[in-house]
2 protein chains.
Amino acid sequence: MTDIKTPPHGASKLTANPLFLRDEELRQAIEMLFFAYRDFTGVADEILADYGFGRAHHRAIYFIGRHPGMTVSELLRILRITKQSLNRVLGQLIEEGYVSQQQGVQDRRQRLLRLTEKGRALEERLSAAQQSLIAGAFREVGAESVDGFRKVLLGIMGNEGDRERFERLQSPRR
Amino acid sequence: MTDIKTPPHGASKLTANPLFLRDEELRQAIEMLFFAYRDFTGVADEILADYGFGRAHHRAIYFIGRHPGMTVSELLRILRITKQSLNRVLGQLIEEGYVSQQQGVQDRRQRLLRLTEKGRALEERLSAAQQSLIAGAFREVGAESVDGFRKVLLGIMGNEGDRERFERLQSPRR
DNA sequence: GCATATAAGTCAACATGACTGACATAAAAA
DNA sequence: TTTTTATGTCAGTCATGTTGACTTATATGC
C-alpha cells in the first residue's frame, strides 16, 4: 500500500505506541487469567483426586453448599450443563453420601439439595485450599487492589443475573 | 460443647464479624472467578465451534501466536498436558493449515511452531473477542482497578516462572 | 376435571480432551 | 559409541460434556 513499513505484528515496545501498549495490556490480561485460573483449580483438583472426584463434582458441591435447599433446576441454570451431565455427578454424590435430597414442600416435584456432614467436610477442605490461595494473593496487595480485582471480574461477567449475586461487602477493617 | 450457640454456617452479616466478612469476601472471589472465567472462555468457544475446534486448539494457537518459533516441548511445558494429548490437536491444526512446523537450525530434532496466515487470522478473531470483553471491563473501571486486577492474578499464580512472563507495562497515557 | 406444562430422572449413543504405557526414530551430547 | 533428548505414534481408558427420546409425578391453567 504505502512505502511505510506496517509493523507486522509485534511492534517493538520501544515505539511506546499507545495502541501497542493497549494490545499488550489486554494480551497479558488474557494470559494471566489463564495461568491464575489453572493454579486456582489445580489446588482443588489435587484434593478431589483423593476422593475420585473431578471438577464437575466440585462445582456441584460448591453451589449446593452455597445455596442449601436449592433445586436441581436452579443448579442446572448456574452450571449451564445438561440434566444428563449433572445427573451423573449428582447421582454419585448422593450415592456416596455427600449430598442429600429432600422433597419440596410447596412443590413436591422438587428435590431440594443439601450437603450432608460428609459433604460439608469435603466442601470445607476444597474451599480452604482455594481460599488460602486467594487470601495469600489478597494479603500481598492492598485493599484497593482487591477492590479493583472484584470490579474487573464483575465487568467481565456478561450476565446481569450473575453480577447480581455479588452484593457489595463492607471492607473488613484491617 | 458449650451453651453458646455456634453459628452454624452462614453467620448473619448483621453480626459484622470480621472473620465472617473475610470468609464471605474470599467465597465471593472464588465464585466471581468461576463466572468471569466461564464467560471469558465462552466468547471464544462460540467462534471455535465454527471451525470444529475446542479449547485445546485455542490454547495451542494462542501460545504459538504469542511465541512464534517455539518448540513442541516448550508448548507442552506451558500447557502442562501430555505429548499425546497435544499431538491430537496440534496434528489437526497442522493438517488443516493453521500451524506450520519448521526444522530447528541449531537443533534439527526440534520442530519450530508458527501460525500460518490462516492460523493468524483465527488467532486474531479469537483474541479480538476476548480482548473486547476484557477491554470493556477495563474501560468501566479505573486504571488503578486494572492494576489491582493484575496484581491479584499474579499473586494467585503459584509458579514463579509463570509470573516472570509478565513484565510490568507502562500504563498507557489515557 | 382434563389438558398441558414443569421438575426430575433415565437410557443410549457419541465427542472431546485429558490420561497411562509402550515403543520408534532422529539427532544431540557425553 | 552409548546415552539422552525431542518428537511422534499406537492403543486403551476415563471424565465430562453433548443430543434425542422417553417416563413419572406433580402443578397449573382453562
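Letters A, B, ... are given to chains in the order of the sequence lines, protein chains preceding strands, and every chain is numbered from 1.
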Can you check the [X] [atom1] to [N] [atom2] distance for me, whole Å?
| X | N | atom1 | atom2 | value |
| --- | --- | --- | --- | --- |
| B/Leu48 | D/dG17 | CG | P | 18 Å |
| B/Ile61 | C/dG17 | CD1 | C1' | 15 Å |
| B/Leu86 | C/dC19 | CG | P | 10 Å |
| A/Glu95 | C/dG9 | CD | C1' | 15 Å |
| B/Phe53 | C/dA15 | CZ | C1' | 15 Å |
| B/Glu46 | D/dT18 | CD | C1' | 16 Å |
| B/Leu75 | D/dA6 | CG | P | 14 Å |
| A/Lys83 | C/dA7 | NZ | C1' | 8 Å |

Of the nucleotides [options], which one has an atom closest to the side chain of [X]?
| X | options | answer |
| --- | --- | --- |
| A/Asn87 | C/dG9, D/dT18, D/dT9 | C/dG9 |
| B/Ala56 | C/dA27, C/dA8, C/dG17 | C/dG17 |
| B/Ile81 | C/dC19, D/dT19, D/dG17 | C/dC19 |
| A/Arg109 | C/dT10, C/dT6, D/dT9 | C/dT6 |
| B/Val89 | C/dG9, D/dT19, C/dG17 | C/dG17 |
| A/Gln84 | C/dA12, D/dG8, D/dA11 | C/dA12 |
| A/Thr71 | C/dA27, C/dC19, C/dA8 | C/dA8 |
| A/Gln110 | D/dG8, C/dT20, C/dA8 | C/dA8 |
| B/Arg108 | C/dA8, C/dA27, D/dT7 | C/dA27 |

Phosphate OP1/OP2 of [N]: any [X] side-chain N/O under 4.0 Å:
| X | N | answer |
| --- | --- | --- |
| A/Arg59 | D/dG17 | yes |
| A/His57 | D/dT16 | yes |
| A/Ser85 | D/dT16 | no |

Quick check on the 6.0 Å ring-centre criterion: do A/Tyr62 and B/Phe34 meet it?
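A/Tyr62 vs B/Phe34: aromatic centres not under 6.0 Å.
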Is the ring centre of B/Tyr37 less than 6.0 Å from the ring centre of A/Phe40?
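Ring centres of A/Phe40 and B/Tyr37 not closer than 6.0 Å.
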Between A/Arg80 and A/Asp107, name the one whose nearest nucleotide on DNA chain D is closer to the 5' end.
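This one resolves to A/Arg80.
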Looking across every strand, which nucleic acid part, if any, lies under 4.0 Å from [X] by heavy atom: base, sugar-phosphate, or nothing?
| X | result |
| --- | --- |
| A/Glu74 | nothing |
| B/Arg55 | sugar-phosphate |
| A/Gln106 | sugar-phosphate |

Check the pair A/Arg55, A/Arg59 against side chain to side chain contact (heavy atoms under 4.5 Å, CB included), reporting the backbone distance first and the verdict last.
CA-CA 6 Å; A/Arg55 272 185 210 175; A/Arg59 290 193 286 266; 3.8 Å; yes
Quick one: do B/Glu24 and B/Arg27 make a salt bridge, cutoff under 4.0 Å?
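Salt bridge between B/Glu24 and B/Arg27, a charged N being under 4.0 Å from a carboxylate O: no.
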Look at A/Arg150 together with B/Glu31 and state whether they make a salt bridge at an N to O cut-off of under 4.0 Å.
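No, no charged N to carboxylate O under 4.0 Å.
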If you assign each of A/Arg88 and A/Gln101 to its closest nucleotide in DNA chain C, which residue comes earlier from the 5' end?
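With A/Arg88 and A/Gln101 compared, the 5'-side residue is A/Gln101.
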Distance only, no hydrogens: is a donor on one side chain within 3.5 Å (strictly under) of an acceptor on the other, for B/Glu74 and B/His67?
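The criterion, which ignores hydrogens and geometry beyond distance, is not satisfied for B/His67 and B/Glu74.
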